[in-house]
Amino acid sequence: MRTTTLGPDQRAAAIARMAEQELDILVVGGGVVGAGTALDAVTRGLSTGLVEARDWAAGTSSRSSKLIHGGLRYLEMLDFALVREALKERGLLLERLAPHLVRPVPFLYPLQHKGWERLYAGTGVALYDTMSVSSGHGRGLPVHRHLTRRHALRVAPALRKDALVGALQYYDAQVDDARFVATLARTAASYGAHVANGVRVTGFLREGERVVGARVHDGEAGGEYEIRARQVVNATGVWTDDTQALIGERGQFHVRASKGIHLVVPKDRIHSNTGLILRTEKSVLFVIPWGRHWIVGTTDTDWDLDKAHPAASSADIDYVLDHVNSVLATPLTRDDVQGVYAGLRPLLAGESDATSKLSREHTVAHPLPGLVVVAGGKYTTYRVMAKDAVDEAVHGLDHRVAPCCTEEIPLAGAEGYQAQWNARARTAARTGVHVARVEHLLGRYGGLTEELLELIAADPSLAAPLGGADDYLRAEVVYAASAEGARHLDDVLARRTRISIETFDRGTRCAREAAELMAPVLGWDAAQIDKEVAYYEKRVEAERESQRQPDDLTADAARLGAPDIVPL
């Protein structure tokens, strides 16, 4: 597959083409569902556009638990269809679609009651494994196993001895959610989709009752455009109701936002060789391996404040710390918390007042001719949501369209990944880049790693790590701006890399160096570099201040103290 870069020139060309021609499908929303919908549509032979108001995955899709999973707890709700569907998608991603981005991760489930709990939980996990294998795409993961308390404490010495009587260990998978979405958008572009971030829909075009396109504003270069399309797909997640309001019509369903917060702590603060899954009174709590860190979360609370920048309050942080510390021999403290992030789940409203009981299933509707709305669901099943959305949109086209083929479409970087991984020692010897660095690049870029090594060959200074963020090379910052659609410093530090949550300073130490690396690619002068750094530093301070506040209302007010670099 020919790889398309998402640099500034490609972005400008994509906007121009969308404004010049009528598309078959225009997708609004650059999260995982929107990017997946664009890929689905374009690989069926449809002329396709994709616009996102901010950055790829800037909302919910960069702030998840980073898990690709079947939803073990949904078995307890007897939602077998949802679990079976998700397990199939997990297997596809691991084995075929994105083996460079999705990888297995073990979890330990501590048992606190003798006898009945092992039988009850063990039956559920056994069913989980059986459903995975029966999906036809689950043979690559180890099956679960039962552990005694002594064995469990050898695997996870961080656990208090009195916190368990035994344990179960099973496997799921994880992903860098923001990188995955940017790769989806890039893959769609490689097949001919016109994709542009920083493009906000300000209204919809109507011919009578029919929606025939959208009015958009280019937040980067300025300018208003009309993009005409035979079908428009609204895939804006927690903004679904807001987007529907632009049409002046009531939606057929409503989406509620549930806030989930996560803490990031250094690896050495929790001595364990496996992730953990713990029951709480409301939901479950995960302790997830994440490189040289752990991700601990999440909460599940109603949120009706600012959607763009959901804030984690001091109460949220205390809640997570209290629950994880209930099983840890050495408790975590606030000083151990390296990063904090909050995200919003889009839940279909109307089934229950408690967000933890709202539907994780998705819905597709055709409220007006020319407009399709897709909402709900979970990250793992994005491809199914995209398929259903395009299937619905196809009903409004007057010609036959090929069926979905995304089960067979590897994402950019998947092709050649395994061969390059096997040859990583030779690559290190050939390029002079340490083999550990080559492995790091392969785990983020897969078969596209050679493109970064070419940047390093042309400028050896790019082989050095960023100052203050040693896990990432300088080349990755340049590549993010030139090939992956990063337009601002925040895009790189918060999403193309995860420096904003993986360093105690939240990325402020390397901010100027990163901005200076981006500047030649994006045409920034010294004043713009200063502006980017200042905005990023204000963002970090606003987030820190919000995390000192006692509740959602005060945390939200504190977080909004830092404006966006591109006001919406």
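As a basis for the values below, the full set of heavy atoms in this structure was taken, side chains included, without hydrogen atoms, waters or symmetry mates. Counting begins at 1 with the first residue of the sequence.
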Value rounded to 0.5 Å, distance of CG in Leu348 from OG1 in Thr240: 9.0 Å

Working for salt bridge (Lys or Arg N to Asp or Glu O under 4.0 Å), residues Arg487 and Asp55: CA-CA 8 Å; Arg487 300 287 304 170; Asp55 183 30; over 6 Å; no

Give a yes or no on whether the backbone of Glu407 and the side-chain of Arg96 come within a donor-acceptor separation of less than 3.5 Å. yes

Report yes if the side chains of Leu93 and Phe180 come closer than 4.5 Å at any heavy-atom pair, otherwise no. yes

Ser61 side chain to Asp177 side chain, donor-acceptor N/O pair below 3.5 angstrom: no

Would you sort out whether Val384 and His362 count as a side chain to side chain contact (heavy atoms under 4.5 Å, CB included), showing the intermediate values? CA-CA 9 Å; Val384 179; His362 67 275; 4.0 Å; yes

Using the test side-chain hydrogen bond (donor to acceptor under 3.5 Å, both in side chains), find all partners of Tyr472 that sit at least two apart in sequence or belong to another chain. Glu502

Out of Leu101, Leu92, Val175, which one pairs with Ile68 under the side-chain contact (heavy atoms from CB on, under 4.5 Å) rule? Val175

For the OG1 atom of Thr363 and the CD atom of Glu392, what is their distance to the nearest 0.5 Å? 11.5 Å

Distance only, no hydrogens: is a donor on one side chain within 3.5 Å (strictly under) of an acceptor on the other, for Gln10 and Thr4? no

Closer than 3.5 angstrom, by distance alone: can the side chain of Ser482 be matched with the main-chain N or O of Gly7 as a donor-acceptor pair? no

Run the side chain to side chain donor-acceptor pair (under 3.5 Å) test on His254 and Gln244 for me, step by step, so that the C-alpha distance in whole Å, both residues' side-chain angles and the decisive distance to 0.1 Å come before the verdict. CA-CA 10 Å; His254 295 285; Gln244 290 296 96; over 6 Å; no

Using modelled atom types only, decide if a donor and an acceptor are shared between the side chain of Glu52 and the backbone of Gly30 within a distance under 3.5 Å. yes

Side chains of Gln231 and His366: donor-acceptor distance under 3.5 Å anywhere? yes

Dump the intermediate steps for side chain to side chain contact (heavy atoms under 4.5 Å, CB included) on Asp491 and Trp56, then the final yes or no. CA-CA 9 Å; Asp491 299 344; Trp56 309 123; over 6 Å; no

Residues in side chain to side chain contact (heavy atoms under 4.5 Å, CB included) with Ala86, at least two apart? Lys378, Thr380, Thr381

Flag, side chain of Arg444 to backbone of Arg496, donor-acceptor distance under 3.5 Å: yes

Electrostatic pair Arg383:Asp388 at N-O distance under 4.0 angstrom: no

Side chain to side chain contact (heavy atoms under 4.5 Å, CB included) partners for Thr298, two or more places apart: Ser65, His262, Arg345

Strictly distance-based, threshold 3.5 Å: is any side-chain N or O of Thr449 a donor or acceptor partner for the main-chain N or O of Gly447? no

So does Leu305 get a backbone contact from the side chain of Asp556, meaning a donor-acceptor N/O pair under 3.5 Å? no

Taking only residues two or more places apart in sequence or in another chain, which ones pass side-chain hydrogen bond (donor to acceptor under 3.5 Å, both in side chains) with Ser500? none

Step-by-step side chain to side chain contact (heavy atoms under 4.5 Å, CB included) determination, Glu476 to His440: CA-CA 11 Å; Glu476 296 181 76; His440 161 85; 2.9 Å; yes

Give a yes/no verdict on a cation-pi contact between Lys66 and Tyr341, requiring under 6.0 Å between NZ or CZ and the six-membered ring centre and an angle within 45° of the axis. yes

Look at the side chain of Arg11 and the backbone N and O of Gly485, then say whether any donor-acceptor pair between them is shorter than 3.5 Å. no

Check whether any side-chain N or O of Arg103 sits under 3.5 Å from a backbone N or O of His100 as a donor-acceptor pair, and report yes or no. yes

Please find the pair of heavy atoms, one from Val28 and one from Thr236, that lie closest to each other, and give the distance. O-CG2, 3.5 Å

Look at the side chain of Thr43 and the backbone N and O of Thr406, then say whether any donor-acceptor pair between them is shorter than 3.5 Å. no

Less than 4.0 angstrom from a charged side-chain N to a carboxylate O is my criterion; do Arg44 and Asp391 meet it? yes

Taking the side chain as C-beta and beyond, is there a heavy-atom pair between Phe107 and Leu168 under 4.5 Å? no

Please evaluate residues Arg539 and Asp490 with respect to the criterion salt bridge (Lys or Arg N to Asp or Glu O under 4.0 Å), reporting the C-alpha separation (whole Å), side-chain torsions for both, the decisive distance (0.1 Å), and the verdict. CA-CA 9 Å; Arg539 171 212 141 130; Asp490 184 59; 2.4 Å; yes

So Glu220 and Val199, do their side chains get closer than 4.5 Å, heavy atoms only? no

Please collect all salt bridge (charged side-chain N to carboxylate O under 4.0 Å, His left out) contacts where either partner lies in residues 24-36, sequence neighbours excluded, each pair once. Asp24-Arg230

Could you point out which residue of Asp300, Asp304, Asp316 forms a salt bridge (Lys or Arg N to Asp or Glu O under 4.0 Å) with Lys259? Asp316

Between Leu278 and His323, is there a side-chain heavy-atom distance shorter than 4.5 Å? no

Which heavy atom of Ala389 sits nearest to which heavy atom of Val372, and what is that distance? O-CG1, 3.9 Å

For residues Ala98 and Leu411, report the shortest heavy-atom separation together with the two atoms involved. CB-CD2, 4.4 Å

Distance, nearest 0.5 Å, that separates NE2 of His217 from CZ of Arg200: 6.0 Å

Applying side chain to side chain contact (heavy atoms under 4.5 Å, CB included), run through Phe286 and Asp172 and close with a yes or a no. CA-CA 12 Å; Phe286 286 102; Asp172 256 321; 6.0 Å; no

Minimum side-chain heavy-atom gap Val264-Val340 below 4.5 Å: no

To the nearest 0.5 angstrom, please state how far the CG atom of Leu347 sits from the OG atom of Ser258. 5.0 Å

So CD of Gln21 and CD1 of Ile227: to nearest 0.5 Å the spacing works out to 10.5 Å

Those residues at least two apart in sequence (or on a different chain) that pass side chain to side chain contact (heavy atoms under 4.5 Å, CB included) with Ala386 are Thr37, Asp40

Considering residues, nucleotides and ligands other than Arg210, do more than 12 of their heavy atoms fall under 6.0 Å from its CZ? yes

Give me the atom names and distance for the closest heavy-atom approach of Pro289 to Gln174. O-NE2, 2.8 Å

Looking at side-chain heavy atoms only, is the closest gap between Glu226 and Leu205 below 4.5 Å? yes

Tell me, please, whether Tyr445 has Arg179 positioned over its six-membered ring: NZ or CZ under 6.0 Å from the ring centre and within 45 degrees of its axis? yes

What distance do Asp218 atom CG and Asn197 atom CG have between them, rounded to the nearest 0.5 Å? 10.0 Å

Do Trp290 and Arg498 touch side chain to side chain, with heavy atoms closer than 4.5 Å? yes

Would a distance-only check, ignoring hydrogens and angles, find a side-chain to backbone donor-acceptor pair under 3.5 Å from Thr202 to Arg215? yes

Using a 4.5 Å cut-off on heavy atoms from C-beta on, say whether the side chain of Pro367 contacts that of Val373. yes

Distance alone, cut at 3.5 Å: any donor-acceptor contact between the side chains of Glu451 and Tyr479? yes

